[in-house]
Amino acid sequence: MAAHRKAAHRKAAHRKAGPRPFTGPAARTAATLALAGAAAATAFDGAAHAEPQLTPAQVRAKIDRLHHEAEVATERYNGTKEKVTAATRSVDALRDEAARRTERLNTAREAIGSLATAQYRSGGIDPAVQLALSSDPDEYLRRASYLDRAGDRQAGLLSGIRRQVTGVAQLRARAEGELAALTARRAELTRHKETVRAKLADARRLLGTLTEAQRADYERAADAGHGSAVRADRGAPRGAVGATGTRAAQAVAFAYGAIGKPYVWGATGPSSFDCSGLTQAAWRSAGVSLPRTTYTQINAGQRVPRSELAPGDLVFFYSGLSHVGLYIGGGQMIHAPRPGAPVRVAPIDQMPFAGATRVA
């Protein structure tokens, strides 16, 4: 009987036990399946997160787009910087005027204080009473005239002080308002600056993914169709053939002299330029003051159709007017293209033409 109970207990223990581990061929098959599944999961996860591999042509197109976006941000930066400069001058002028008026106000207050001190020293007796006590008729008349004038002067001083206090308060309020606007513009300036730097950093990073040969191809492609006139050196032909007027000729001559100088965003010369900085500097050399940005320079003169372009005209590109060059005739312009590409001669059909302006 006891033997029968022990046998039953062994059978129950066998039924409760978990599955046996694989051994032999079964174990090897299970391990292979597990590893394959893990590899597949890893590969799937990597494919879900990996960036697609760009071809060299796609990299070049992306670099060009980043340079264009950086130039758009550069022109916004230039416009905001101009506003910051004007606002800074306005705030400084308001503060200076408030200081001058405060000084005049303090002078007026001192004058009214002197009158009050004189009255106190006279014993505090009303001037009219003092006048009535005079026994000399001539003295009476003289002093009466003096008191009338003194009263008028005192009233005038008080009225002037009230006006000056109001004026100073208004000036200070204007200065505070201008200062708040200036602070906002400075923050905007910083945002544009960060955008430019980020775009250019991305462009440099992408350029770094190309091989040396691919980078050389990119530079050649950027200059494709320019011919010998594209050389970024000082061997380009001089002169403004057909320039309309001496000022246009002077502006074109300046631009020729800038060939080979580097592009630096936000620069207006004399050692480096961005696109609108070059055109502004060229016309400044001819005695003409242009606005700072592409989208304001286009309104600095008379619009002209492409078919009537003359040397010295400003030529603009892209729908947002984000690029400008100086026309030199023969379908060519001098412009500051982008970082890494110095001031050079290029055909105006290199970029989407947007319009032209004749300055003088």
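No hydrogens, no waters, no symmetry mates; every other heavy atom, side chains included, goes into these values.
Proximity of Q332 to P347: side-chain heavy atoms (C-beta onward) are separated by under 4.5 Å at one or more points. Residues V72 and H68 meet the side-chain proximity criterion, which asks for heavy atoms closer than 4.5 Å. Here the side chains of R205 and D202 are in contact, with some heavy-atom distance below 4.5 Å. No side-chain heavy atom of D217 sits less than 4.5 Å from a side-chain heavy atom of L210. The shortest side-chain heavy-atom distance between Y218 and V59 does not fall under the 4.5 Å cut-off. Within the 4.5 Å cutoff, side-chain heavy atoms of R306 are placed close to those of I348. Looking at E75 and C275, their side chains come closer than 4.5 Å, going by heavy atoms from C-beta outward. Looking at heavy atoms from C-beta onward, H67 lies in side-chain contact with L200 at the 4.5 angstrom threshold.
Heavy atoms only, all atoms of each residue included: F273 and A336 are closest at O-CB, 4.1 Å.
A donor-acceptor contact closer than 3.5 angstrom is absent between the side chains of N78 and Y295.
R65 is linked by a salt bridge (Lys or Arg N to Asp or Glu O under 4.0 Å) to E69, counting only residues two or more places apart in sequence or in another chain. Applying the side-chain hydrogen bond (donor to acceptor under 3.5 Å, both in side chains) test to H192 and every residue at least two apart in sequence or in another chain returns E188. Looking at residues two or more places apart in sequence or on another chain, you find a side chain to side chain contact (heavy atoms under 4.5 Å, CB included) between T211 and A213, Q214. Scanning for side chain to side chain contact (heavy atoms under 4.5 Å, CB included) contacts around A57 gives T55, R60, with sequence neighbours left out.
The cluster map of Ile, Leu, Val, Met, Phe, Trp and Tyr, joined by side-chain heavy atoms under 4.5 Å apart, puts I334 and L290 in the same cluster. No continuous path of hydrophobic side-chain contacts links M333 to Y263 [ILVMFWY only; heavy atoms under 4.5 Å]. Under the 4.5 Å side-chain heavy-atom criterion for Ile, Leu, Val, Met, Phe, Trp and Tyr, V288 and V315 are members of distinct hydrophobic clusters. When the side chains of ILVMFWY residues are joined at heavy-atom separations under 4.5 Å, either directly or via intervening members, V304 and V359 end up in two distinct hydrophobic clusters. There is no path of hydrophobic side-chain contacts, each under 4.5 Å, that joins F317 to L314.
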Under 3.5 Å, side-chain donor or acceptor atoms of residues 90-99 against the rest of the protein: list the pairs with distances, not counting sequence neighbours.
| unit_1 | atom_1 | unit_2 | atom_2 | d |
| --- | --- | --- | --- | --- |
| E97 | OE1 | R100 | NE | 3.3 |
| E97 | OE1 | R100 | NH2 | 2.7 |
| E97 | OE2 | R101 | NE | 2.9 |

Would you list the atom pairs, donor with acceptor, under 3.5 Å between side chains in residues 318-327 and any protein atom, with sequence neighbours excluded?
| unit_1 | atom_1 | unit_2 | atom_2 | d |
| --- | --- | --- | --- | --- |
| H323 | ND1 | E71 | OE1 | 3.0 |
| H323 | ND1 | E71 | OE2 | 2.6 |
| H323 | NE2 | H335 | ND1 | 2.8 |
| Y327 | OH | G330 | N | 3.4 |
| Y327 | OH | G331 | N | 2.9 |

Can you give each donor-acceptor pair under 3.5 Å made by side-chain atoms of residues 167-185, sequence neighbours left out, with the distance rounded to 0.1 Å?
| unit_1 | atom_1 | unit_2 | atom_2 | d |
| --- | --- | --- | --- | --- |
| R172 | NH2 | T102 | OG1 | 3.3 |
| T183 | OG1 | L179 | O | 2.9 |

Exercise answer: donor-acceptor pairs, residues 296-303 side-chain atoms, under 3.5 Å, sequence neighbours excluded:
| unit_1 | atom_1 | unit_2 | atom_2 | d |
| --- | --- | --- | --- | --- |
| T296 | OG1 | T293 | N | 3.3 |
| T296 | OG1 | T293 | O | 3.0 |
| T296 | OG1 | T293 | OG1 | 2.7 |
| Q297 | OE1 | T279 | OG1 | 2.8 |
| Q297 | NE2 | S276 | O | 3.1 |
| Q297 | NE2 | T279 | OG1 | 3.4 |
| Q297 | NE2 | P291 | O | 3.0 |
| N299 | OD1 | R303 | NH2 | 3.1 |
| R303 | NE | I298 | O | 3.3 |

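Screening residues 75-96 for ring-ring contact (aromatic ring centres under 6.0 Å, His included) gives Y77-W265 as the qualifying pairs, with residues at least two apart or on separate chains. Applying the salt bridge (charged side-chain N to carboxylate O under 4.0 Å, His left out) definition to pairs two or more places apart or across chains, none involves residues 315-335. Residue pairs meeting the salt bridge (charged side-chain N to carboxylate O under 4.0 Å, His left out) criterion with at least one partner in residues 263-286, sequence neighbours excluded, are D274-R292.
Under the side chain to side chain contact (heavy atoms under 4.5 Å, CB included) rule, T74 has a single partner from T294, V264, V196, which is V196.
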